[in-house]
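Below: one structure, written as structure tokens.
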Amino acid sequence: MNAAAFSALDHTHMAQALRLAERGLFTTQPNPRVGCVIAHGAEIVGEGWHQRAGEPHAEVFALRAAGDRARGATAYVTLEPCAHQGRTPPCADALIAAGVRRVVVAAEDPFPQVAGRGIGKLRAAGIMVDVGLLREAARELNIGFFSRIERARPWVRLKLAMSLDGRTALANGESKWITGEAARADVQRWRARSSAILSGSGTVLADDPRLTVRPSGDEQFMPPLRVILDRGLRTPAGHHVLDGSVPTLVLHAASFYPGKHFEHVECVAVATSGEVLDLRAVLALLAGRGCNEVHVEAGPTLCGALFAAGMADELLLYVAPLLLGDSARPLLQLPTLSDMASRWQLQPIEQRQLGHDWRLRLRPL
């Protein structure tokens, strides 16, 4: 259906369904975030969202709320209703049984067991189905899910903090704190929405980070997988990333084997590319484990390698109004360019002020 053919009321209800879907931002992984609104004209008779993986989908909650009033109604769903039996029954069947008259779908589900089957099942039952309303917004909300299914790798987001002169730490490595409390609190929300927080052994050795989510309120979230790239298993016992407090994965070269101090975490060998771990193999492994969004907090070497290889999908860049000087450490370690035509170009997606700092979201063109 052409976007112009959707009514203003259709837009209103789908926008509400997207707001509902966003409530599952921190809890649905590896499943997508989905919302559903059931309405008779302007009157909403049922709402729901997918709250947690393994629990009922958005459509089920909305149908429960609507009860008998679902019959003859229109259902607005941010993602194509599933058509297969997974941990929960097919939502397409539930919508058919409830007697809805019309279903408006924001985005098709690329998951192979759905991929058009849900829409097809609804149409075969005589239900009017219109697809594409606010599609881009629905895809953006689940950008990691779509990346994992369509590209067989997670969406990779580099978190970086820098001074106005593009520096991330002093020459001696000191970096606490470049940004203020508001920016650091914002980082926690981006960590919480991620499937995994990834770093390298260099950062672990230098900063001994926890790489966990420290929420500011009572928000529910699923602890992201903590992933450390440690080719030679250099991380010594006693470091926070080895404390076993959250699920942790240490990736290393096959020529190295875990020692006693890795007993609280899972160690997995991955392929190498020269002297470093093969980053494509790393991302493929994480996709195989259901990781949708990978949040990278690492130094200029690992972040630069991901960016230069075209595996950094987004930069989450915090800029502080201070200067650190020429000897301070750079933002990214990138190959030398021979001409301006080879420069890396970025597209600004969003900018926001957080206290005295700015947050920029940028994507490579």
Side-chain angles (χ1 to χ4, degrees), residues 22 25-27 29 144 155-229 239-243 245-248 293-304 306-307 312-325 328-332 346 348-363:
E22 197 168 358
L25 192 66
F26 306 139
T27 57
Q29 312 208 39
W155 181 263
V156 176
R157 183 178 290 115
L158 306 185
K159 174 263 174 184
L160 301 159
M162 73 174 195
S163 60
L164 283 177
D165 51 351
R167 305 294 170 165
T168 61
L170 299 179
N172 64 8
E174 184 181 348
S175 62
K176 294 183 179 180
W177 297 100
I178 289 178
T179 56
E181 291 184 7
R184 298 199 297 274
D186 187 68
V187 170
Q188 296 302 318
R189 290 182 59 82
W190 288 95
R191 284 184 177 185
R193 68 172 283 168
S194 302
S195 305
I197 302 173
L198 182 147
S199 192
S201 58
T203 296
V204 170
L205 291 171
D207 300 336
D208 192 18
R210 295 183 184 275
L211 300 179
T212 54
V213 177
R214 298 182 293 279
S216 57
D218 57 357
E219 290 176 325
Q220 297 294 310
F221 66 93
M222 300 173 65
L225 176 68
R226 191 163 52 187
V227 182
I228 308 302
L229 305 190
H239 271 54
H240 289 127
V241 295
L242 302 180
D243 62 14
S245 61
V246 297
T248 303
E293 298 178 24
V294 172
H295 178 94
V296 181
E297 294 195 19
T301 302
L302 177 53
C303 288
L306 286 164
F307 186 87
D313 299 303
E314 184 170 301
L315 273 62
L316 191 65
L317 181 61
Y318 296 86
V319 184
L322 51 86
L323 302 171
L324 296 182
R329 298 186 179 183
L331 184 68
L332 297 172
L346 300 168
I349 300 298
E350 178 191 30
Q351 65 179 38
R352 178 175 298 180
Q353 185 165 357
L354 300 164
H356 295 297
D357 307 312
W358 295 272
R359 185 192 72 199
L360 306 177
R361 287 176 61 210
L362 308 151
R363 292 178 184 170

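Given the structure is predicted, the values throughout are model-derived calculations rather than measurements.
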Pairing residues for W190 by the side chain to side chain donor-acceptor pair (under 3.5 Å) criterion, not counting sequence neighbours: D186
Residues which pass side chain to side chain contact (heavy atoms under 4.5 Å, CB included) with P247, listed by chain and number, not counting sequence neighbours: L225
All side chain to side chain donor-acceptor pair (under 3.5 Å) counterparts of T27, not counting sequence neighbours: none
Test side chain to side chain contact (heavy atoms under 4.5 Å, CB included) applied to D165 - qualifying residues, sequence neighbours left out: S163, R167, L323, L324
Residues, nucleotides or ligands: over 12 heavy atoms within 6.0 Å of R363 CZ: yes
Where F26 and Q220 come nearest, the two heavy atoms and their spacing: CB-O, 3.5 Å
Closest non-hydrogen atom pair between A298 and G200, with its separation: CB-N, 4.2 Å
Which donor-acceptor pairs under 3.5 Å do the side chains of residues 177-185 make with protein atoms, sequence neighbours left out?
residue	atom	partner	partner atom	Å
R184	NH1	T179	O	2.6

Rounded distance (nearest 0.5 Å) linking atom CD1 of I228 with atom CG of L242: 8.0 Å
Reported CD-to-CG distance for the pair Q351 and L360, which is rounded to 0.5 angstrom: 6.0 Å
Interatomic distance, T168 atom OG1 to L332 atom CG [nearest 0.5 angstrom]: 8.5 Å
For D313, all residues meeting salt bridge (charged side-chain N to carboxylate O under 4.0 Å, His left out), sequence neighbours excluded: R151, R153
Heavy-atom pair of closest approach, residues V241 and R226: O-NH2, 3.3 Å
Minimum heavy-atom distance S194-R157, with the two atoms named: OG-NH1, 4.5 Å
Step-by-step side chain to side chain contact (heavy atoms under 4.5 Å, CB included) determination, L302 to T203: CA-CA 9 Å; L302 177 53; T203 296; over 6 Å; no
L317 side, atom CG; R361 side, atom CZ - distance, nearest 0.5 Å: 12.5 Å
Pairwise side-chain contact, V296 with S199, heavy-atom cut-off 4.5 Å (strictly under): no
Stepwise side chain to side chain contact (heavy atoms under 4.5 Å, CB included) check, V294 with V227: CA-CA 9 Å; V294 172; V227 182; over 6 Å; no
Side chain to side chain donor-acceptor pair (under 3.5 Å) involving Q353 - partner list, sequence neighbours excluded: none
Under the side chain to side chain contact (heavy atoms under 4.5 Å, CB included) test, residues paired with Q188 that sit two or more places apart: R191, V213, R214
Evaluation steps, side chain to side chain contact (heavy atoms under 4.5 Å, CB included), between L316 and H295: CA-CA 9 Å; L316 191 65; H295 178 94; 4.3 Å; yes
Residues forming a salt bridge (charged side-chain N to carboxylate O under 4.0 Å, His left out) with R210, sequence neighbours excluded: none
Spatial distance of atom CG (L331) from atom CG (L158) [nearest 0.5 Å]: 9.0 Å
Heavy-atom pair of closest approach, residues G144 and W155: CA-CB, 3.8 Å
With sequence neighbours excluded, residues passing side chain to side chain contact (heavy atoms under 4.5 Å, CB included) with L346: F307, L315, L362, P364
Results of side chain to side chain donor-acceptor pair (under 3.5 Å) for S201 - residues two or more places apart only: R234
Nearest atoms (heavy-atom pairs only) where N172 meets R329: C-NH2, 3.9 Å
Selection residues 192-203 - residue pairs positive for salt bridge (Lys or Arg N to Asp or Glu O under 4.0 Å), sequence neighbours left out: R193-E293
Spacing of T212 atom OG1 and H240 atom NE2 [to the nearest 0.5 Å]: 9.0 Å
